Amino acid sequence: MIALVTGASRGIGAAIARQLAAQGHTVLAHCCRNRERAEQLAAEIGGAVYVADMGSTAEIDRMAEEILRTYGGVDILVNNAGIALEGLYQSVSDGDARRLFAVNIEGAMHCTKRLLPAMIAKHYGRIINISSVWGEVGAACEVHYSATKAAIIGFTKALAKEVAPSGITVNCVAPGVIDTDMNRIYDAETMAQLAAETPVGRIGTPEEVADAVCFFAGKNAGFITAQVLGINGGFGI
């Protein structure tokens, strides 16, 4: 099967790409700026690299057209690409807010829209969206980010209902505090505090998130759709 993982050059995306490839899928690794890292990953797993700014519908269109022309579509779509934004709500600029929404939710929705018709034609597809625990419970000083991740959950549930008759499942993974580059905006003291606030007593790994994604992508999840699975060690409950 063909799998597209957006934001696959590092962190959670790279872990997902590796695990899908280990399960025998052909993985298309998307990146925006870290092409060198994406190419290293593709060489490691025997996949291909696609470069596009997920905040640009034109670039998403170009990427989707190339994928459709080369592979006829994808069987598995993992909408993982995202950016973070921290700051007091009233201090975030309008431009930064628009960029965040363009990448985190509009990009995922547009990429799905372009690749969905081929799934419908095959009467098969697995779409897995990556949200966040902040999309479930919200976070002070990350209001815009929390809003985009909450939107991902709403997108997941609504689309799942719409495409279920076409043999397509749509599910969501909501990571808690994970050891990734994105969370390195926090200092060591904050990360230690977050670990202490996590009931299992530690930070999660990208591989643990990838396990959940691969479950939703697999044959044993064919009767599961519109679900949000928290990979959070109990954080936020």
Side-chain angles (χ1 to χ4, degrees), residues 4-14 16 29-38 50-64 77-114 128-159 172-191 193-194 197 203-204 206 209 228 230-232 235-236:
L4 171 63
V5 181
T6 67
S9 65
R10 59 183 183 172
I12 290 172
I16 293 169
H30 158 269
C31 69
C32 180
R33 296 184 180 87
N34 293 323
R35 180 163 192 157
E36 183 177 351
R37 291 177 68 170
Y50 285 85
V51 181
D53 181 348
M54 293 304 288
S56 166
T57 56
E59 292 196 23
I60 293 170
D61 286 344
R62 174 186 50 76
M63 177 178 71
L77 171 60
V78 183
N79 286 309
N80 167 72
I83 56 177
L85 180 62
E86 188 179 34
L88 290 173
Y89 176 64
Q90 67 270 24
S91 300
V92 173
S93 72
D94 292 344
D96 285 347
R98 283 193 294 269
R99 173 67 179 168
L100 192 76
F101 275 84
V103 173
N104 287 10
I105 179 62
E106 294 171 18
M109 292 182 71
H110 191 69
C111 187
T112 303
K113 184 177 183 180
R114 288 304 314 273
I128 303 102
N129 299 318
I130 307 301
S131 178
S132 166
V133 66
W134 298 142
E136 297 179 290
V137 303
C141 295
E142 292 190 66
V143 173
H144 293 86
Y145 179 79
S146 298
T148 65
K149 291 304 185 178
I152 286 287
I153 292 173
F155 170 54
T156 297
K157 291 179 175 293
L159 184 64
C172 182
V173 174
V177 185
I178 307 297
D179 184 17
T180 65
D181 289 347
M182 182 178 286
N183 280 331
R184 301 213 168 96
I185 61 174
Y186 303 121
D187 59 25
E189 182 180 351
T190 301
M191 290 299 288
Q193 181 180 350
L194 289 169
E197 292 174 3
I203 302 300
V209 180
V228 180
I231 311 301
N232 55 33
F235 186 88

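None of the values given here were measured: they were computed from a predicted structure.
Residues satisfying the side-chain contact (heavy atoms from CB on, under 4.5 Å) criterion with R98, sequence neighbours excluded, are D94. Annotation: ring pair (Phe, Tyr, Trp, His ring centres under 6.0 Å) contacts of F155 (sequence neighbours excluded): none. Qualifying ring pair (Phe, Tyr, Trp, His ring centres under 6.0 Å) partners for H110, counting only residues two or more places apart in sequence or in other chains: none.
Rounding to the nearest 0.5 Å places CD1 of I105 at 10.0 Å from CD1 of I153. Atoms CD1 and CD1, from I130 and I12 in turn, are 7.0 Å apart once rounded to the nearest 0.5 Å. To the nearest 0.5 Å, the span separating SG on C141 from CG on L88 amounts to 4.5 Å. With rounding to the nearest 0.5 angstrom, the OG1 atom of T156 is 3.5 Å from the CG atom of N129. M54 contributes atom CE, which lies 12.0 Å from atom CE of M109 (distance to the nearest 0.5 angstrom). One finds the CD atom of E142 at 7.0 Å from the CH2 atom of W134 (value rounded to the nearest 0.5 Å).
At distances below 3.5 Å, not a single donor-acceptor pair connects side-chain atoms of R114 with backbone N or O atoms of T57. Between the side chain of H30 and the main chain of A52, a donor-acceptor pair closer than 3.5 Å is present.
In this structure, Y89 and H144 have parallel ring planes: the angle between them is below the 30° cut-off, well short of the 60° mark.
Atom CD of E197 is surrounded by more than 12 heavy atoms from other residues, nucleotides or ligands within 6.0 Å.
Considering only heavy atoms from C-beta on, V137 stays 4.5 Å or farther from F235 through its side chain. Within the 4.5 Å cutoff, side-chain heavy atoms of C111 are placed close to those of M63.
The two atoms that bring A108 and I152 nearest to each other are CB-CD1, 4.0 Å, heavy atoms only. Contact detail for D53 and G55: the closest heavy-atom pair is OD1-N, 2.8 Å. Contact between S131 and P175 at its shortest, heavy atoms only, is O-CD, 3.3 Å. The two residues D179 and I203 have their closest heavy-atom pair at N-CG2, 3.4 Å. Residue T6 comes nearest to N80 through the heavy atom pair OG1-N, 2.9 Å, listed as atom of the first residue, atom of the second, then distance. C32 and V51 get closest at one heavy-atom pair: O-CG1, 3.5 Å.
Side-chain atoms of E189 and Q193 form no donor-acceptor pair, as typed in the model, at a separation below 3.5 Å.
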Decide yes or no on side-chain contact (heavy atoms from CB on, under 4.5 Å) for K157 and V228, but give the supporting numbers first.
CA-CA 9 Å; K157 291 179 175 293; V228 180; 4.2 Å; yes
